[in-house]
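Beneath this line is the structure, given in structure tokens, with notes to follow.
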Amino acid sequence: MAKRVYNFSAGPGMLPEAVLKKAAEEMLDYQGSGMSVMEMSHRSKVYQSIIDGTEKALRDLMNIPANYKVLFLQGGASTQFAMIPLNLLKKSNKADYVNTGEWATKAIAEAKRYGDIKVVATSEPEVFNHLPELDPKEFRADADYFHMTTNNTIFGTSWKKYPDTKGVPLVVDMSSDILSKVVDISQFALVYAGAQKNMGPAGVTVVIIRDDMIDFSKPETPTMLKYKTHVDGASMYNTPPCYGIYIIKLVCEYLLGLGGVAAMEKINEKKAALLYDTLDGSKIFKCHVQKKEDRSIMNIPFRTPSEDLDKKFLKEAAEEGLTTLSGHRKTGGMRASIYNAMPLEGVEKLVEFIKKFDKANS
Ligand SMILES: *Cc1c(COP(=O)(O)O)cnc(C)c1O
């Protein structure tokens, strides 16, 4: 029996154990093909059935409308920071961005290389510990798109609803909360997410793009960075990240078996409430995000009053099999990432440990 820990890593994160077991079973001989999925031609019939199955399962889970394409790309969410301006800055060359954290900051910096980028709201002066107020008067009516990060992985905030951009295409980085809760895809023009938080292994980036967002790219855009290249090639213009796409299929099928995203959301809400209630009720722990309505149900940064106590917490937690809990250097302290694959028992064990540590150190 493999000895597994509760891994609170922000990414790559845990995968459902059932998925890892199934992948292990199919490792040497995928369904009678006599090969591993890693060894297959991506042009083969058997692989085509895998990628088609991944797309179908994802469409079912997220209820993706027919006028959206689903792409499986490489380069991580970070490559999207460039692909989006290169392909979407098609008329005014303007885009509006909301700055809610480290990833948004990076997306803004990259977009500024290609167009006239306006930061319409930011919570940077308060170390992104809340979501900024959005004032529609700041939005530019002629912007080619409007960009937001749905869940802020490092600082632990997440949007519960999105602004009315009055027809300006809304583009979102959903890397750290895709498949964690029910969302209406039709409000977005483009959704992107690196797989390694909630969908599968690193190396695949999912892009869900509305049909009218595909026709343009700036003349200097490399072939590999044009959405049209990948739409025309059905994610097979070149060799796709074959194995990662297969794992996403297993993860999606696992979620469908659980009752879909709505069922997963209920479990996620329960896990997050358990952790927040414990931290809020403790003597020594404080959450980075105090405003309850802004809190993420995926990433929960918190700390004690001192760095030494934080270190002690991390050391003792690891001894209990509760690992990868250290916070990002921008917030310090701890961060518990409780993605879909973190079992309720993992959170229960963490909560128990937090209570014990609180008592012993207050
Ligand atoms: C992890 C993360 C990224 C970066 O993803 P890569 O795939 O490593 O490029 C971008 N945005 C958000 C919100 C993230 O959580």
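All residue numbers in this chain count up from 1 along the given sequence. Order of appearance sets the numbers: ligands from 1, and atoms from 1 within every ligand.
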Task: Single hit among K94, K90, K118 for salt bridge (charged side-chain N to carboxylate O under 4.0 Å, His left out) with D142 - done: K94

Task: Residue portion contacting ligand 1 (non-hydrogen atoms closer than 4.0 Å) for T149 - done: side chain

TODO: Please report the C-alpha distance between L350 and L325 in whole Å, then the side-chain angles of each, then the deciding distance to 0.1 Å, and finally whether the side chain to side chain contact (heavy atoms under 4.5 Å, CB included) criterion is met.
DONE: CA-CA 10 Å; L350 175 61; L325 275 161; 3.9 Å; yes

Task: For T153, the ligand 1 atoms whose distance to one of its heavy atoms is below 4.0 Å - done: 12 (C), 13 (C), 14 (C), 15 (O)

Task: Candidate with minimal heavy-atom separation from atom 1 (C) of ligand 1, of K197, Q74, Q80, M174 - done: K197

Task: Protein heavy-atom partner closest to atom 11 (N) of ligand 1 - residue, atom, separation in Å - done: D173 OD2, 2.6 Å

Task: Output field: ring centroids F353/F313 closer than 6.0 Å - done: yes

- [ ] Let me know which of T157, N99, I154 forms a side chain to side chain contact (heavy atoms under 4.5 Å, CB included) with F128.
- [x] N99

TODO: Specify whether Y97 and H147 have parallel, tilted or perpendicular ring planes, treating 30° as the upper limit for parallel and 60° as the lower limit for perpendicular.
DONE: parallel

- [ ] Give the residue, atom name and distance (to 0.1 Å) of the protein heavy atom nearest atom 9 (O) of ligand 1.
- [x] S78 OG, 2.6 Å

TODO: For atom 5 (O) of ligand 1, grab the closest protein heavy atom and report residue, atom and distance to one decimal in Å.
DONE: A77 CB, 3.5 Å

Open item on the list: Within the 4.0 Å heavy-atom shell around S176, which atoms of ligand 1 are there?
Closed with: 15 (O)

Open item on the list: Give the atom numbers and elements of ligand 1 that come within less than 4.0 Å of a heavy atom of G76.
Closed with: 7 (O), 9 (O)

TODO: Considering heavy atoms of the protein only, find what lies nearest to atom 8 (O) of ligand 1 and give residue, atom and distance to 0.1 Å.
DONE: Q196 NE2, 3.3 Å

TODO: On the 0 to 90° scale, with breaks at 30° and 60°, tag the Y192-F81 ring pair as parallel, tilted or perpendicular.
DONE: perpendicular

TODO: List the steps and the verdict of salt bridge (charged side-chain N to carboxylate O under 4.0 Å, His left out) for K106 and E110.
DONE: CA-CA 6 Å; K106 287 193 165 137; E110 192 69 1; over 6 Å; no

